[in-house]
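Input: a single structure, listed below in structure tokens.
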Protein chains: 4
Amino acid sequence: MKPENTDCTERCPVLETVTRWTRRKDARPGEILDAALDLFVARGFSATKVEDIARAAGVTAGTIYRYYANKEDILKAVIRESLVPTLQEGEQLIAQFDGSGPELLAFVIRTWWQMHGATKLSGIPKLMIAEASNFPELARFHREEVIARGENLIASAIQFGIDRGEFRPVALDVAVKVVVAPVVMAMVWKNTDICPGLDLDHYLEEVIETLIHGLGARPGDKQNGESEA
Amino acid sequence: MKPENTDCTERCPVLETVTRWTRRKDARPGEILDAALDLFVARGFSATKVEDIARAAGVTAGTIYRYYANKEDILKAVIRESLVPTLQEGEQLIAQFDGSGPELLAFVIRTWWQMHGATKLSGIPKLMIAEASNFPELARFHREEVIARGENLIASAIQFGIDRGEFRPVALDVAVKVVVAPVVMAMVWKNTDICPGLDLDHYLEEVIETLIHGLGARPGDKQNGESEA
Amino acid sequence: MKPENTDCTERCPVLETVTRWTRRKDARPGEILDAALDLFVARGFSATKVEDIARAAGVTAGTIYRYYANKEDILKAVIRESLVPTLQEGEQLIAQFDGSGPELLAFVIRTWWQMHGATKLSGIPKLMIAEASNFPELARFHREEVIARGENLIASAIQFGIDRGEFRPVALDVAVKVVVAPVVMAMVWKNTDICPGLDLDHYLEEVIETLIHGLGARPGDKQNGESEA
Amino acid sequence: MKPENTDCTERCPVLETVTRWTRRKDARPGEILDAALDLFVARGFSATKVEDIARAAGVTAGTIYRYYANKEDILKAVIRESLVPTLQEGEQLIAQFDGSGPELLAFVIRTWWQMHGATKLSGIPKLMIAEASNFPELARFHREEVIARGENLIASAIQFGIDRGEFRPVALDVAVKVVVAPVVMAMVWKNTDICPGLDLDHYLEEVIETLIHGLGARPGDKQNGESEA
DNA sequence: TATGAATGAGGCTTCATTCAT
DNA sequence: TATGAATGAAGCCTCATTCAT
């Protein structure tokens with residue numbers, strides 16, 4: 001029942017000599033969230049003990065309650081404060097990109113992966129998949145503040161390509177999911193041991209290749225705005 | 001929180017005649033697994049109480065321990081006895097299929113969806129994603145007995161298409177994942193409320209369309225077994 | 001901080017031989033309330049540990065939660081189920097009494113004392129005094145279902161005496177409290193060690209004597225219903 | 001739950017000039033006790049958090065431990081330093097009183113009420129009732145230093161009346177309790193919400209009236225020291 | 001075979017108390 | 001002297017599991 005005891009107690013040794021009250025209090029909440037994200041992703045919400053989070057953050061369980069009202073609150077903070085900041089960054093990067101529709105789509109996917117997939121934030125999709133139904137408000141937040149914004153970027157890229165005749169005219173809402181799915185799965189696999197040996201970078205390049213050609217305009221496609229003659 | 005008491009009789013009618021893991025008549029264990037699957041998928045393993053499973057199965061908690069040594073055992077049984085039977089069926093169906101590579105690939109995906117995606121078995125991917133790291137042996141079983149076999153089918157279809165020059169020559173292991181990802185995500189979404197309004201059938205058709213063209217051979221592709229001249 | 005460890009673990013030795021599942025389950029709630037009343041009265045609500053109640057009732061803490069949702073619930077049950085039954089009895093006894101106003105008043109007080117003061121129910125006033133402000137709903141219940149009914153009996157007795165010219169005309173609401181106060185204090189003292197050597201029976205007789213004469217009609221009192229001439 | 005920040009300046013104006021246990025100027029300990037009394041009375045000892053006391057006193061929790069070794073110490077100080085000073089005052093006032101036995105008894109009761117009952121000190125009886133059994137030494141102190149002295153005053157008054165033939169010859173120890181009970185109950189009610197609408201001043205006057213006549217000598221009473229002829 | 005009362009270990013949370021600043 | 005971050009010992013409560021019936 002007890003999953004292998006992943007003891008995450010590797011603290012910064014320098015701090016050990018400094019007494020416990022010297023700790024930079026401003027960093028506490030961040031350290032706690034950091035530890036919590038790791039553990040929630042690795043074990044799930046219920047199976048993660050508050051004391052584990054505390055130990056991983058280098059504090060006692062009691063300390064956590066100075067910053068978060070309860071365990072659920074930690075989860076909320078993890079989700080709320082993790083993705084949104086980098087989302088803004090991503091949006092800006094992408095806004096500045098110049099190139100064709102397919103190039104833009106590839107850029108969006110690669111940027112997304114660099115900023116989330118390649119970091120520990122990649123654990124959040126797994127976490128949301130596991131816990132969304134247990135925390136509906138959190139799910140709503142994630143849907144509206146994270147997913148919706150991320151999908152907008154993808155939708156724009158696709159639409160851009162459609163407008164330029166590079167992509168065939170597809171239903172945007174569905175096409176967006178077709179793009180999202182393989183990237184999210186990559187994040188899930190990265191945090192899961194479901195596909196141990198998979199080379200995710202290779203996989204992602206193949207995803208990009210497949211999507212771009214799969215969505216590509218084909219002779220006989222009705223062009224947007226073109227007359228049908 | 002209580003999931004609707006899924007009577008589990010709305011299945012693919014083809015399957016009704018075939019054995020299922022839920023047998024009637026002295027069907028206690030099956031009913032328990034049935035209930036357990038529902039609850040594990042809806043709430044996760046830790047958050048599901050044995051007594052809830054019992055109640056949903058129409059028995060009391062004590063009864064469950066006549067059939068399963070402990071809670072983890074229930075989870076194992078759910079995974080072990082759920083997918084494997086239908087896998088065999090699927091393998092047979094697909095073996096009998098006659099058509100081109102793209103047609104075969106589409107058929108594999110659609111069959112997979114009908115037998116699993118459209119069923120409550122669609123919950124298992126979500127469950128495995130959430131719990132794989134907590135139950136490594138179970139993850140191994142799932143990987144070897146379910147995923148590997150499923151991916152074989154897909155690999156065969158792709159290879160078949162490559163051999164016939166209908167698909168471009170791709171790295172099979174990666175290409176398989178490119179196919180798997182969007183279908184698994186569909187099952188996740190179906191059990192998650194992460195994408196509330198999504199029309200999964202429409203989505204899946206678009207996935208098939210995109211994959212087939214995305215994997216499609218393109219002028220200049222090196223054909224398998226062809227001389228390069 | 002820890003008050004002297006009053007270990008209330010004197011169980012019925014006969015039952016010890018019988019296995020723990022044999023215990024008459026129907027008696028459980030009663031035994032728990034019994035133990036809880038003792039401890040709540042002796043130590044107060046907060047200072048009483050659920051485990052103490054359990055031990056005093058001969059069960060484990062977990063068992064208590066089969067019968068009561070939480071600690072507060074135990075307190076509520078203690079109050080609700082303790083006094084009301086004997087109140088009814090008392091009301092009937094008193095309704096049958098035949099005698100003068102002073103005799104009736106004395107009878108009411110003595111009956112009250114015999115049924116509550118001399119039993120462990122005498123602890124409840126102390127408990128309510130200590131906890132009323134922490135549990136307003138409970139206080140309201142006690143006020144409306146217990147105090148109000150008890151005071152009605154006293155009010156009737158006083159009114160009866162006034163009508164017969166045996167008591168002077170007093171404001172009933174206030175007079176009732178004048179009667180109630182010394183009896184309630186007797187119960188408090190009985191459960192408190194504040195007045196160690198006090199002979200409560202002697203005290204009560206003196207209270208009755210003092211009240212009867214203190215409330216007694218005096219020459220020159222305006223009689224109810226008499227002309228003033 | 002937060003009691004109104006009783007500025008504690010609405011006291012019997014006579015007392016204002018006299019020393020009180022709340023001194024200004026470096027009055028930290030006094031302010032802490034002030035706050036503690038409020039909270040202990042309102043919620044009880046266990047349910048009062050040290051930090052609440054601190055906040056109500058305008059300091060932080062740590063500060064409290066400069067003045068008191070622990071929470072129990074605060075309680076002790078509250079009891080020890082609260083009543084004793086005003087007791088002396090009361091004793092002096094009463095020593096100077098000139099009048100009959102009944103008048104003296106009425107004066108004692110009214111003075112007591114003015115100095116304690118009408119003050120926030122009125123909360124102490126409730127506090128002692130609730131906590132006496134948890135803090136036996138404190139109870140002993142209260143019994144010996146407060147109750148005993150207070151009851152002496154009352155005993156003197158009664159004895160004085162008996163000696164003058166105004167009161168019937170009663171057992172002093174019991175008679176004292178008969179007088180004490182209704183006044184203490186008034187203080188309890190004042191701090192309790194058990195008798196919401198009660199007019200305590202009216203009540204007390206009726207108590208005095210009833211006691212004086214209830215204790216009053218009656219024709220045929222054996223007079224103290226009188227020959228029986 | 002099924003029940004459900006009971007257990008007891010363990011998790012979440014509170015809070016009196018400490019102590020470097 | 002005052003602060004407030006941090007601790008750690010409990011206390012409340014849950015729930016997987018047992019077992020007499």
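The model shown is predicted, which means the values in this text are computed figures rather than measured ones. Below, chain A is the first sequence line, B the second, and so on; all start at residue 1. These values consider heavy atoms only, across backbone and side chains, with no hydrogens, waters or symmetry-generated copies.
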### Query
Taking side chain as C-beta onward, heavy atoms only, is C:Leu75 less than 4.5 Å from C:Leu127?
yes

### Query
Considering heavy-atom distances to DNA chain E, does D:Ala47 or B:Arg66 have its closest nucleotide positioned more toward the 5' end?
B:Arg66

### Task
Compare the minimum distances between each of E:dT3, E:dT7, F:dT3 and the side chain of D:Val59, then state the nucleotide with the smallest one.
F:dT3

### Message
Check the orientation of C:Phe45 and C:Phe135. Use parallel for under 30°, tilted for 30 to 60°, and perpendicular for over 60°.
### Response
perpendicular

### Task
Please determine, for E:dA20, whether a Watson-Crick or G-U wobble partner exists with both distances under 3.5 Å, and give it or none.
F:dT3

### Task
May I ask you to test the A:Asp52-A:Arg43 pair for a side-chain heavy-atom distance under 4.5 Å?
yes

### Message
Just N and O in the side chain of C:Thr63: are any of them under 4.0 Å from OP1 or OP2 of E:dA5?
### Response
no

### Task
To the nearest Å, give me how far apart CZ (C:Phe45) and P (F:dG11) are.
14 Å

### Closest to side chain of A:Tyr65, choosing from E:dT3, E:dG11, E:dT14
E:dT14

### Message
Rounding to an integer number of Å, can you tell me how far B:Arg55 CZ sits from E:dA2 P?
### Response
18 Å

### Message
Is there a side-chain contact between B:Tyr67 and the phosphate of E:dT1, meaning an N or O under 4.0 Å from OP1 or OP2?
### Response
no

### Message
Can you work out whether B:Gly62 or A:Lys71 has the more 5'-proximal nearest nucleotide on DNA chain E?
### Response
B:Gly62

### Task
Round to a whole Å and report the spacing from CD1 of A:Ile74 to P of E:dG11.
15 Å

## Note on the structure
Between CD1 of B:Ile32 and P of F:dT17 the distance, given in whole Å, is 14 Å

### Summary
Between CG of A:Asn70 and P of E:dG11 the distance, given in whole Å, is 17 Å

### Task
Output the distance between atom OG1 (D:Thr63) and atom CD1 (D:Ile53), rounded to the nearest 0.5 Å.
13.0 Å

### Summary
From CD1 of A:Ile53 across to P of E:dC12 the rounded distance in Å is 8 Å

### Message
Reading DNA chain F from 5' onward, which residue's closest nucleotide shows up sooner: C:Glu51 or A:Ala61?
### Response
A:Ala61

### Query
To the side chain of C:Thr60, which of E:dT13, E:dA2, E:dT7 is closest?
E:dT7

## Note on the structure
On DNA chain F, more 5' by nearest nucleotide between B:Thr48 and A:Ile64 is A:Ile64

### Task
Please state how far atom CD in D:Glu31 lies from atom C1' in F:dA2, giving the value in whole angstrom units.
14 Å

### Task
State whether the side chain of A:Lys120 and the backbone N or O of A:Asp34 hold a donor-acceptor pair below 3.5 Å, judged by distance alone.
yes

### B:Lys49 NZ to E:dG4 C1', straight-line distance once rounded to whole Å
16 Å

